[in-house]
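Note sheet for the following structure.
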Amino acid sequence: QVQFVESGGGLVQPGGSLRLSCAPSGSIFSIYAMAWYRQAPGKQRELVAFIGSGDSTNYANSVKGRFTISRDNAKSTVYLQMNSLKPEDTAIYYCNKVPGASWGQGTQVTVSS
């Protein structure tokens with residue numbers, strides 16, 4: 001079963017930027033549709049951004065115009081460029097293929113002054 005490892009999170013001030021990376025751990029044989037999700041304490045996990053196997057994209061309304069999902073097929077890696085970060089973006093960010101596989105540990109994003 002393919003698994004994914006998230007990285008790139010950290011502490012940033014409001015208005016700052018981060019670029020998250022999602023790399024497969026184990027064998028990967030296909031270009032999957034992929035998505036980034038996030039979960040804040042006390043809240044449900046929500047879909048943030050989606051990229052299809054044909055590179056179509058979709059975003060949650062809360063991040064449209066600020067976040068960009070992309071992929072590097074040569075590295076089998078998916079990215080989430082996050083700009084103009086807001087405190088409400090604070091969450092653990094996860095990536096997964098669509099349909100989903102097992103959840104990884106995620107990467108913490110904290111937006112605070």
Side-chain angles (χ1 to χ4, degrees):
Q1 180 183 6
V2 64
Q3 297 179 8
F4 299 95
V5 179
E6 302 90 346
S7 62
L11 173 64
V12 296
Q13 296 183 4
S17 297
L18 283 173
R19 192 187 194 201
L20 307 184
S21 298
C22 170
S25 178
S27 298
I28 182 167
F29 302 106
S30 302
I31 300 175
Y32 299 114
M34 295 288 296
W36 283 96
Y37 306 81
R38 67 187 181 188
Q39 187 169 26
K43 297 183 179 180
Q44 74 281 358
R45 179 152 38 211
E46 64 175 336
L47 190 148
V48 174
F50 166 89
I51 185 166
S53 59
D55 293 338
S56 62
T57 60
N58 195 29
Y59 300 90
N61 288 334
S62 59
V63 307
K64 283 182 179 178
R66 300 188 298 119
F67 290 10
T68 303
I69 187 171
S70 62
R71 71 164 92 238
D72 182 342
N73 290 332
K75 297 181 178 180
S76 299
T77 300
V78 179
Y79 303 96
L80 185 68
Q81 178 67 46
M82 307 186 296
N83 298 325
S84 301
L85 283 161
K86 304 175 180 180
E88 51 263 46
D89 296 319
T90 296
I92 301 176
Y93 284 70
Y94 304 87
C95 67
N96 211 334
K97 70 183 186 72
V98 182
S102 298
W103 296 104
Q105 295 300 307
T107 186
Q108 176 72 50
V109 172
T110 303
V111 185
S112 176
S113 60

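Sequential numbering from 1 along the given sequence is applied to the chain's residues.
- Panel note: side chain Gln3, backbone Ser25; no donor-acceptor pair is recorded below 3.5 Å.
- Ala23 and Thr77 get closest at one heavy-atom pair: CB-OG1, 4.0 Å.
- Atom CD1 of Ile69 is separated from atom CG of Asn58 by 10.0 Å, given to the nearest 0.5 angstrom.
- Within 6.0 Å of CD in Gln108 there are more than 12 heavy atoms belonging to other residues, nucleotides or ligands.
- Residues Thr107 and Gly9 approach most closely at OG1-N, 3.0 Å, considering heavy atoms.
- Atom CZ of Arg66 and atom OG of Ser17 lie 10.0 Å apart (nearest 0.5 Å).
- A 4.5 Å side-chain heavy-atom check between Arg38 and Val63 finds at least one atom pair inside the cut-off.
- Using a 4.5 Å heavy-atom cutoff, the side chains of Asp55 and Arg71 are in contact.
- One finds the CD atom of Glu46 at 9.5 Å from the CD atom of Gln39 (value rounded to the nearest 0.5 Å).
- In this structure, the side chain of Thr57 does not engage the main chain of Ile51 through any donor-acceptor pair within 3.5 Å.
- Taking the six-membered ring where tryptophan is involved, the planes of Phe4 and Tyr32 are perpendicular, since the angle between them exceeds 60° and thus also 30°.
- Closest approach of Met34 to Cys22, counting heavy atoms only: CE-SG, 3.8 Å.
- Tyr79 has its side chain within reach of Arg19: a pair of non-hydrogen atoms, C-beta onward, lies under 4.5 Å apart.
- Ring centroid separation for the pair Trp36 and Phe67 does not come in under the 6.0 Å cut-off.
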